[in-house]
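The block underneath contains the structure these notes are about, expressed in structure tokens.
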Amino acid sequence: MKLEIIYEKDQVVIKNMDSFEPKHIFECGQCFRWDREEDHSYTGIAYGRVLNVSKRGSDIIFKNTNKKDFQELWYHYFDLDTNYNVIKEKLSHNDPIMKKAIEFGAGIRILKQQPWETLISFIISSNNNIPRIKKAIELLCEGYGEYLGVFLGKKRYSFPSPETVAKRSIEEIKACNTGYRAPYIIKTAESVASNPEAFQKLYKFNTEDCQRQLLTFSGVGPKVAHCILFFCMGKMDAFPVDVWVKRIMEYLYFKEDTPSKVIQQFARDKYGGHAGFAQQYLFYYARELGIGKN
DNA sequence: CCCCAGGCAGTTA
DNA sequence: TAACTGCCTGGG
């Protein structure tokens, strides 16, 4: 199965793409800087670039980019080398519940996000909800990120660097609606800025060692660490257990109140190296169905 | 008005 | 080391 990629002026089109649904990708909870436009396309910012993604039939259209950026950046960002059909088959083998969940989020792809941005974003995510998380991140970017120009009538900004955030006062970071997480953010920024090379090399450790190091950052606990492992460290065996996943796993598999640790172990045994994908399908399924709201 | 939201840190027992 | 509590903030 070879992808047919067509490079046009200012945009790139992929023909006959499967396992790629913008709504699933951008609304499954993995990212916070992608917003739906009126035409149902999504505009987002990553790696200091602004991109617009839409779907027409089975074609995916990437606007505001070029061949070089697509090949060097977006191809990897959208995980286009991974065959999701293989993952789906493995996960749904002897598991009708997972099979159903995968049908709902069949177009999910796990974005390869930037570690620093992901680290801070998920610190902000703790005990928080998605609109508020997005708002806080946007304020951080508008206040301290780099101006990238206007796209679709809106000024766009990059995610601020560790050095920039580290120099801000608690009040300034609080003013970005980060609340009591402001000191965590600054401490973590100082830590990353003091040794950027070490942070860049974190992904080279195995899951367990990588997690241990992530837990040393202020504001990073078990759940946030697993999100970071999965979304930007390439640890596809990570399995973040948040309240949604806890509730849906209890509802679908355990039929009773179950500690997060037990769920965690269950997922490790059952899904192994694909645990994170399973988590995403279950999470999206739970949210779309409203399972676990009560 | 109270309660909770994709948890964490800090403090007890 | 497990259990408990407070925490920004705003929408239900």
Side-chain angles (χ1 to χ4, degrees), chain A residues 23-35 101 104-105 108 110-111 113 117-140 143 165 168-192 211-233 235 238-252 257-265 267 275-294:
Chain A
K23 176 179 156 62
H24 296 175
I25 294 171
F26 301 124
E27 294 183 26
C28 72
Q30 63 176 323
C31 54
F32 304 107
R33 297 207 71 199
W34 287 88
D35 295 311
F104 264 77
I108 289 177
I110 303 306
L111 302 172
Q113 303 188 63
E117 176 176 338
T118 307
L119 172 64
I120 297 303
S121 297
F122 280 93
I123 287 174
I124 293 172
S125 82
S126 75
N127 194 25
N128 214 340
N129 59 43
I130 290 172
R132 302 172 55 72
I133 298 163
K134 292 180 77 165
K135 180 69 182 169
I137 293 171
E138 225 35 57
L139 288 172
L140 271 178
V165 176
R168 303 276 73 82
S169 66
I170 290 179
E171 289 69 30
E172 285 174 309
I173 300 301
K174 248 186 191 170
C176 299
N177 287 16
T178 55
Y180 63 89
R181 305 164 196 83
Y184 305 160
I185 292 168
I186 292 173
K187 266 192 219 168
T188 294
E190 285 170 346
S191 175
V192 172
Q211 180 186 13
R212 191 176 305 124
Q213 303 213 43
L214 289 172
L215 288 172
T216 66
F217 290 115
S218 181
V220 177
K223 189 268 172 181
V224 169
H226 272 265
C227 286
I228 297 166
L229 287 168
F230 185 58
F231 294 131
C232 65
M233 296 288 169
K235 308 305 182 197
F239 192 85
V241 181
D242 54 47
V243 295
W244 286 93
V245 168
K246 184 172 186 294
R247 286 186 297 215
I248 196 171
M249 295 278 286
E250 287 167 346
Y251 177 82
L252 294 175
D257 199 27
T258 309
S260 294
K261 270 196 159 183
V262 175
I263 295 176
Q264 182 79 233
Q265 187 60 47
F277 296 98
Q279 192 266 4
Q280 279 303 291
Y281 290 124
L282 288 170
F283 181 79
Y284 187 77
Y285 185 50
R287 306 249 339 171
E288 288 300 295
L289 263 62
I291 290 175
K293 273 187 177 167
N294 297 310

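Remember, predicted model here, so these are calculated numbers, not experimental data. Just so you know, these numbers use all the heavy atoms, side chains as well, and skip hydrogens, waters and symmetry mates. Order of the sequence lines sets the chain letters (A, B, ...), proteins ahead of strands, with each chain counted from 1.
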Between [atom2] of [N] and [atom1] of [X], the distance in whole Å:
| X | N | atom1 | atom2 | value |
| --- | --- | --- | --- | --- |
| A:Asn129 | C:dG11 | CG | P | 9 Å |
| A:Leu139 | C:dC8 | CG | P | 18 Å |
| A:Gln30 | B:dG6 | CD | P | 17 Å |
| A:Leu119 | B:dC8 | CG | C1' | 14 Å |
| A:Lys261 | C:dA3 | NZ | C1' | 13 Å |
| A:Arg132 | C:dG10 | CZ | P | 6 Å |
| A:Asn127 | C:dC4 | CG | P | 18 Å |

Please give the distance between the [atom1] atoms of [N] and [M] as a whole number of Å.
| N | M | atom1 | value |
| --- | --- | --- | --- |
| C:dG6 | B:dA5 | C1' | 15 Å |
| B:dC8 | C:dG11 | C1' | 23 Å |
| B:dC3 | C:dT5 | P | 14 Å |
| C:dC7 | B:dC4 | C1' | 13 Å |

All N/O pairs under 3.5 Å across the protein-nucleotides 9-13 of chain B interface:
residue: B:dA9; atom: OP1; partner: A:Gly219; partner atom: N; Å: 2.9

**Request:** Provide the closest heavy-atom pair for A:Leu215 versus A:Ala225 in the form atom of the first, atom of the second, distance.
**Result:**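 Heavy atoms only, the tightest pair is CD2-CB, 3.9 Å.
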
**Request:** Report the secondary structure of DNA chain B in dot-bracket form, marking unpaired bases with a dot and bases paired to a different strand with |, and treating Watson-Crick or G-U pairs with both distances under 3.5 Å as paired.
**Result:** .||||.|||||||

**Request:** Have a look at A:Ile133 and say if it touches a base, only the backbone sugar-phosphate, or nothing, with a 4.0 Å heavy-atom cut-off.
**Result:** nothing

**Prompt:** Is there a donor and acceptor pair closer than 3.5 Å between the side chain of A:Arg181 and the base of B:dC8?
**Reply:** no

**Request:** Return no unless some side-chain N or O of A:Arg287 is found under 4.0 Å from OP1 or OP2 of B:dG6.
**Result:** yes

